[in-house]
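See below for the structure under consideration.
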Amino acid sequence: MHRIGVVGAGYVGLTTAACFAHLGHDVVCADVDESKIERLRRNEVDLVEPGLAELLERHDVEFTAVFPSDVDFLFVCVPTPSGDHGEADLTAVHDVVAQVPENTVLVLKSTVPVGTARGIAHRLTVSNPEFLREGHAVEDFLRPQRVVVGSTDENAARSVAGLYGDVPVVLTDNTTAELIKYACNSFLAVKLSFVNTLAELCEHVGADIDGVTEGMRLDERIGAAFLRPGPGWGGSCLPKDTRALLTTARDQDVDFATLRAAVDTNDHQVRRIADKIEGNRIGLLGLTFKAGTNDLRDSPALAIARLLDGDVSAYDPAITHDVDGITVVSTPEELADGRDVLVVLTEWPEFAELDWPALADRMTTPVLVDTRGVVPVDKVREAGFRLVSVGHAGIV
Ligand SMILES: NC(=O)C1=CN([C@@H]2O[C@H](COP(=O)(O)OP(=O)(O)OC[C@H]3O[C@@H](n4cnc5c(N)ncnc54)[C@H](O)[C@@H]3O)[C@@H](O)[C@H]2O)C=CC1
Ligand SMILES: O=C(O)[C@H]1O[C@H](OP(=O)(O)OP(=O)(O)OC[C@H]2O[C@@H](n3ccc(=O)[nH]c3=O)[C@H](O)[C@@H]2O)[C@H](O)[C@@H](O)[C@@H]1O
């Protein structure tokens, strides 16, 4: 058992703190947001993450607004948002690093650009990027497909890997560890943009994207995941990390054309979907960047909403407050009232089970744009909807 400090009590930090406590370590978790610390002390968790609140309830994690100085390992889990030119803004990371005492192993878990650890040359640093998905944070942390640890000091790297228990480990140097993180998110982005363009092509040539991806997924070299077309990929990380890797490549005079194309394709996808939405009174089904989370950061739904003219309302099972000038209502029926068009933007499973005839009755013209391919086509059509899809010839 070790004494572990975690700085930053967000998706990554709070998950890290709860899971290390679950694995038997003594954990202190710090954040500059004092009101968040107060809420966490009362066991109030703002994040929608299955199992997280339960773990925090079961295990004692000390929450503090004071920098933890008496720990063996200090995990840096603070934000690294996009700066003005797409580069990662490391202000919070440097602020934390400057406070870590000499006798503490400094572990960089925030996603930081290639060369960041090398730039902190005055002290030993272990790079331990995080790969958890929002909505699956606890499960991904406790049963990771791999834990990546990089350091110039192999013993330090092994000691960090050892904190996770019996998990697959990639032991490497700092710079490689940093690049692995960006490579993974960027590769996923490339895969998604490829599929979104394929869906556009399907609409033109009379093919069906579900059939095409079914045929692709069975090829193990391609892999089954990340082949669902959608309104564009978003979230707090894929957009910012692709931008940051492009900046790194540009700084090195490396032309990362595939990645640049993926980012441009994603901008195109958002505009392409907005163009499919006709009508003055528009109802959005889903605002979060994906299902299973209440995170709205860099959500394609909001990017699309910004491009729409007219009166835009939304229903999202995880959102109860108005967002970006969009009125958020509390039921799909309320949303349908007097609307010209409904648009599925998040793949919430309950959207497959909606009462389509009842929704159609409430609308002026029953038109449904399904950007996620989640609604039952036959039922929706039987209810009288004109269905506009992504990637299906014949129902565009
Ligand atoms: N959200 C995700 O799914 C994943 C995020 N990451 C990376 O992890 C890092 C953190 O991301 P999230 O957990 O999403 O961020 P977040 O925004 O959810 O949480 C960050 C927390 O850090 C606190 N904070 C900010 N500056 C601080 C400082 N100087 N000292 C102490 N606390 C400070 C904030 O108050 C906030 O509570 C980022 O680099 C991100 O790219 C990596 C993998 C997954
Ligand atoms: O660095 C991070 O923060 C994390 O970023 C992503 O996780 P997350 O942001 O939770 O979201 P994803 O599940 O990857 O989804 C990203 C976007 O792609 C979209 N998506 C995903 C899969 C798919 O088939 N189709 C599709 O459109 C989602 O709707 C969403 O907008 C990565 O999957 C994590 O491994 C990584 O740790």
Side-chain angles (χ1 to χ4, degrees), residues 5-17 29-37 39-40 46-47 49 63-68 74-82 88-99 108-113 116 128-137 140-141 144-146 148 181-182 184-189 191-196 199 213 217 223-242 244 266 269-270 286 288-293 295 297-301 303 345-348 371-373 390:
V6 176
V7 180
Y11 284 90
V12 169
L14 203 53
T15 305
T16 301
C29 180
D31 202 289
V32 282
D33 182 341
E34 293 188 15
S35 67
K36 185 182 258 191
I37 290 298
R39 289 196 299 281
L40 286 167
D46 302 334
L47 312 177
E49 279 303 335
F63 289 105
T64 176
V66 178
F67 197 90
L74 194 290
F75 282 76
V76 182
C77 304
V78 294
T80 50
S82 280
D89 177 345
L90 294 180
T91 311
V93 170
H94 288 312
D95 182 35
V96 173
V97 167
Q99 298 181 66
L108 282 181
K109 192 174 259 311
S110 293
T111 302
V112 291
T116 301
N128 174 217
E130 179 52 56
F131 299 91
L132 65 79
R133 296 160 300 165
E134 290 184 19
H136 302 267
D140 286 351
F141 193 99
Q145 294 182 353
R146 78 309 205 183
V148 172
K181 174 65 200 175
Y182 283 99
C184 290
N185 275 358
S186 297
F187 192 78
L188 293 173
K191 202 173 176 187
L192 289 173
S193 278
F194 184 89
V195 166
N196 283 334
T213 52
R217 329 192 122 84
F226 273 66
L227 287 177
R228 273 183 293 105
W233 38 270
S236 68
C237 289
L238 260 53
K240 94 171 161 59
D241 292 351
T242 46
N266 206 40
Q269 184 70 358
V270 165
T288 57
F289 79 98
K290 64 173 185 178
T293 179
D295 197 344
R297 291 180 289 181
D298 252 318
S299 173
L345 289 170
T346 310
E347 75 285 19
W348 287 104
T371 71
R372 295 283 192 171
V390 172

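Both counts, for ligands and for their atoms, begin at 1 and track the order of listing. One-based numbering along the sequence shown. Any value given below was found using the heavy atoms of this structure, including those in side chains, with hydrogens, waters and symmetry copies removed.
Nearest protein neighbour of atom 35 (O) of ligand 2, counting heavy atoms only, is F131 O, 2.8 Å. For atom 10 (O) of ligand 2, the nearest protein heavy atom (residue, atom name, distance) is E134 N, 2.7 Å. V78 O, 3.4 Å is the protein heavy atom nearest to atom 9 (C) of ligand 1. Here the heavy atom of the protein found nearest to atom 24 (N) of ligand 1 is V32 CG2, 3.7 Å. Nearest to atom 21 (C) of ligand 2 among the protein's heavy atoms is F226 CE2, 3.7 Å. Here the heavy atom of the protein found nearest to atom 32 (C) of ligand 2 is N185 OD1, 3.6 Å. Closest to atom 7 (C) of ligand 1 among all protein heavy atoms lies T111 OG1, 3.5 Å. Summary of contacts: the protein heavy atom closest to atom 24 (O) of ligand 2 is R228 N, 3.0 Å. Distance from atom 23 (C) of ligand 2 to its nearest protein heavy atom, with residue and atom name: L192 CD2, 3.4 Å. In terms of protein heavy-atom proximity, atom 6 (C) of ligand 2 is nearest to L238 CD1, 3.6 Å. Taking atom 19 (O) of ligand 1 as the reference point, the nearest protein heavy-atom neighbour is G10 CA, 3.1 Å. Closest to atom 25 (C) of ligand 1, if we only count protein heavy atoms, is P79 CD, 3.4 Å. Of all protein heavy atoms, the one lying nearest to atom 17 (O) of ligand 1 is R297 NH1, 3.3 Å.
At least one donor-acceptor pair closer than 3.5 Å links the side chain of R372 to the backbone N or O of L345. Using a distance-only test at 3.5 Å, with no hydrogens or angles considered, a donor-acceptor pair links the side chain of K191 to the main chain of A225. When atom types are taken as modelled, the side chain of T80 and the backbone of A88 share no donor-acceptor pair closer than 3.5 angstrom. Under a 3.5 Å cut-off, the side chain of D31 and the backbone N or O of A65 do not form any donor-acceptor pair. Judged purely by atom type and a 3.5 angstrom limit, E130 has no side-chain atom pairing as donor or acceptor with the backbone of V12. Looking only at distances, no side-chain donor or acceptor of K181 sits under 3.5 Å from a matching main-chain atom of V148. Side chain of S110 to main chain of V112: no donor-acceptor pair is present (N/O by atom type, distance under 3.5 Å, no hydrogens or angles).
T242 is listed as a side-chain neighbour of W233, based on a closest heavy-atom distance under 4.5 Å. Between W348 and T288, the closest side-chain pair of non-hydrogen atoms falls below 4.5 Å. Considering only heavy atoms from C-beta on, F131 stays 4.5 Å or farther from D140 through its side chain.
Of all atoms in ligand 1, numbered sequentially from 1 with element shown, those under 4.0 Å from a heavy atom of T80 are 38 (C), 39 (O), 41 (O). Near K36, the atoms of ligand 1 lying under 4.0 angstrom from a non-hydrogen atom of the residue are 36 (C), 37 (O). The distance from ligand 1 to the heavy atoms of D95 drops below 4.0 Å at these ligand atoms: 29 (N). The contact set between ligand 2 and L227, taken as ligand atoms under 4.0 Å from a residue heavy atom, comprises 24 (O). Close approach to L132 involves these atoms of ligand 1, each under 4.0 Å from a residue heavy atom: 3 (O), 44 (C). Interface of S236 with ligand 1, defined as ligand atoms under 4.0 Å from a residue heavy atom, comprises 1 (N).
Listed here is the closest heavy atom pair of V6 and C77: CG1-SG, 3.9 Å. Minimum heavy-atom separation, G232 to N266: CA-OD1, 3.2 Å. Taking each heavy atom of P231 and P300 in turn, the nearest pair found is O-CB, 3.8 Å. The nearest pair of heavy atoms linking R228 to L192 is O-CD2, 4.1 Å.
Polar contact check, E130 against ligand 1: no nitrogen or oxygen pair lies under 3.5 Å apart. Annotation: K240 places an N or O atom under 3.5 Å from an N or O atom of ligand 1; distance criterion only. Residue V12 has at least one nitrogen or oxygen atom sitting less than 3.5 Å from a nitrogen or oxygen atom of ligand 1, judged on distance alone. Polar contact check, D31 against ligand 1: a nitrogen or oxygen pair lies under 3.5 Å apart. Of the polar atoms of K290, at least one N or O is found under 3.5 Å from an N or O of ligand 2, judged by distance alone. Where the criterion is an N or O separation shorter than 3.5 Å, residue side chain and backbone included, R133 fails it with respect to ligand 2. For ligand 2, the polar-atom distance check finds an N/O of L132 within less than 3.5 Å of one of the ligand's N/O atoms. Residue-to-ligand polar distances keep D33 apart from ligand 1: every N/O pair is separated by 3.5 Å or more. At least one N or O atom of R372, backbone or side chain, sits closer than 3.5 Å to an N or O atom of ligand 2.
Looking at K181 against ligand 2, only its side chain comes within 4.0 Å, counting heavy atoms. Residue contacts with ligand 1, taken as heavy atom pairs separated by less than 4.0 Å, involve V7 solely via side-chain atoms from C-beta onward. Within the 4.0 Å heavy-atom criterion, the part of C77 lying near ligand 1 is the backbone and not the side chain. Under 4.0 angstrom from ligand 1, there are no non-hydrogen atoms of H94. For L188, every heavy-atom contact with ligand 2 shorter than 4.0 Å involves the side chain, none the backbone.
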Exercise. Is there a side-chain contact (heavy atoms from CB on, under 4.5 Å) between T293 and Y11 once you walk through the steps?
Worked result: CA-CA 11 Å; T293 179; Y11 284 90; 3.8 Å; yes
For this session: Let me see the working for V390 and Q269 under side-chain contact (heavy atoms from CB on, under 4.5 Å), right down to the final yes or no.
Result: CA-CA 10 Å; V390 172; Q269 184 70 358; 4.1 Å; yes
Problem set entry | Worked verdict on K240 versus D298 for salt bridge (charged side-chain N to carboxylate O under 4.0 Å, His left out) | CA-CA 9 Å; K240 94 171 161 59; D298 252 318; over 6 Å; no
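For the side-chain contact (heavy atoms from CB on, under 4.5 Å) with V96, the qualifying choice from T91, L74, L108 is L74, the only one to do so.
Under a 4.0 angstrom heavy-atom cut-off, H136 registers as lying outside contact with ligand 2. At a 4.0 Å cut-off, at least one heavy atom of K181 sits close enough to ligand 1 to count as contact. Distances shorter than 4.0 angstrom occur between a heavy atom of G234 and an atom of ligand 2. The closest approach between a heavy atom of T111 and any atom of ligand 2 is not below 4.0 Å. Ligand 2 lies within reach of C237, whose nearest heavy atom is under 4.0 Å from it.
With distances taken over non-hydrogen atoms, the option nearest atom 3 (O) of ligand 1 out of E34, E134, H136 is E134.
No more than 12 heavy atoms of other residues, nucleotides or ligands lie within 6.0 Å of CZ in F187, so this atom counts as exposed by the packing criterion. When the shell of 6.0 Å around CZ of F67 is examined, it contains more than 12 heavy atoms from other residues, nucleotides or ligands.
Interatomic distance, K290 NZ to E347 CD, rounded to the nearest 0.5 Å: 8.0 Å. Between the OG1 atom in T15 and the CD atom in E134 there is a gap of 9.0 Å [rounded to 0.5 Å].
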